[in-house]
Amino acid sequence: MTTDRLDQPRDLRRARRPHYDPEAFGRLSERIARFLGTARFLVYMTVFVAIWIIWNASAPAGLQFDPYPFIFLTLMLSLQASYAAPLILLAQNRQDDRDRVQYEHDRVAAERNRADIEYLTREIAGLRLALSEVTTRDYLRSELQRLGEELGEHR
């Protein structure tokens, strides 16, 4: 008989819980949520419910499995809704996480672009200042012409 001693740690026991991959489950939930939001799903669900009601309302009593007021159908639709809502929320949370990451990337890119634009603006301003001090061909011609005229007058 083994007694728990307070001066020694307990042996670690592995938990026998089912293991699942959260990323794979998230991808599956997104696919389900994406399907639940389609017209195809609405058509399939409408056809399923219509067939269920028509069968259980018009079939012989021995073949009806869910007579009016269709309690089993109500139970199945409630079960479907109880699973659909958390799956849709999980898919929305994953999309929010992706949007947050994308927003951060966009913000960093915008800051980098702004810094590049400011740098290029300063470079262009510097070039304009430098060009304003450079002698242009027209200015040089006019100065030479003026000097030629001045020399002609002094002779």
Atom pair CD1 (I124) and CD1 (I117), whose distance is rounded to the nearest 0.5 Å: 10.5 Å
Carboxylate-amine/guanidinium contact E149 R146, below 4.0 Å: no
By side chain to side chain donor-acceptor pair (under 3.5 Å) - contacts of R137 (at least two apart): none
Exceeds 12 heavy-atom contacts within 6.0 angstrom, atom CZ of F41: yes
Transitive ILVMFWY cluster of V47, excluding itself - 4.5 Å side-chain cut-off: V43, I51
For E111, all residues meeting side chain to side chain donor-acceptor pair (under 3.5 Å), sequence neighbours excluded: R107
Minimum side-chain heavy-atom gap L75-L79 below 4.5 Å: no
Selection residues 86-99 - residue pairs positive for side chain to side chain donor-acceptor pair (under 3.5 Å), sequence neighbours left out: E23-R94, E30-R94, E30-R98, Q95-R98, Q95-D99, D97-R100
Cluster check F48, L63: I/L/V/M/F/W/Y, side chain < 4.5 angstrom: yes
Contacts of type side-chain contact (heavy atoms from CB on, under 4.5 Å), residue I53, not counting sequence neighbours: V49, F70, L73
Under 4.5 Å side-chain linkage, directly or through intermediates, the cluster mates of Y119: L120
Side chain to side chain donor-acceptor pair (under 3.5 Å) contacts touching residues 61-80 (sequence neighbours left out): W52-D66
Residue pair G26 / L90: nearest heavy atoms and the distance that separates them: CA-CD2, 4.3 Å
Cluster overlap M45 with W55, hydrophobic side-chain contacts below 4.5 Å: yes
Apart from L140 itself, residues in the same hydrophobic cluster as defined by side-chain heavy atoms under 4.5 Å: L144
Set of salt bridge (charged side-chain N to carboxylate O under 4.0 Å, His left out) partners for E118, sequence neighbours left out: none
Residue pairs passing the salt bridge (charged side-chain N to carboxylate O under 4.0 Å, His left out) test where at least one lies in residues 71-83, sequence neighbours excluded: none
Residues in side chain to side chain donor-acceptor pair (under 3.5 Å) contact with R40, at least two apart in sequence or another chain: none
With sequence neighbours excluded, residues passing side chain to side chain donor-acceptor pair (under 3.5 Å) with Q102: D106
Geometric class of the F35/Y44 ring pair [parallel <30°, tilted 30-60°, perpendicular >60°]: tilted
Path from L89 to L28 over hydrophobic side-chain contacts below 4.5 Å: no
Pairwise distance CD1(I88) to CD1(I32) - rounded to 0.5 angstrom: 10.0 Å
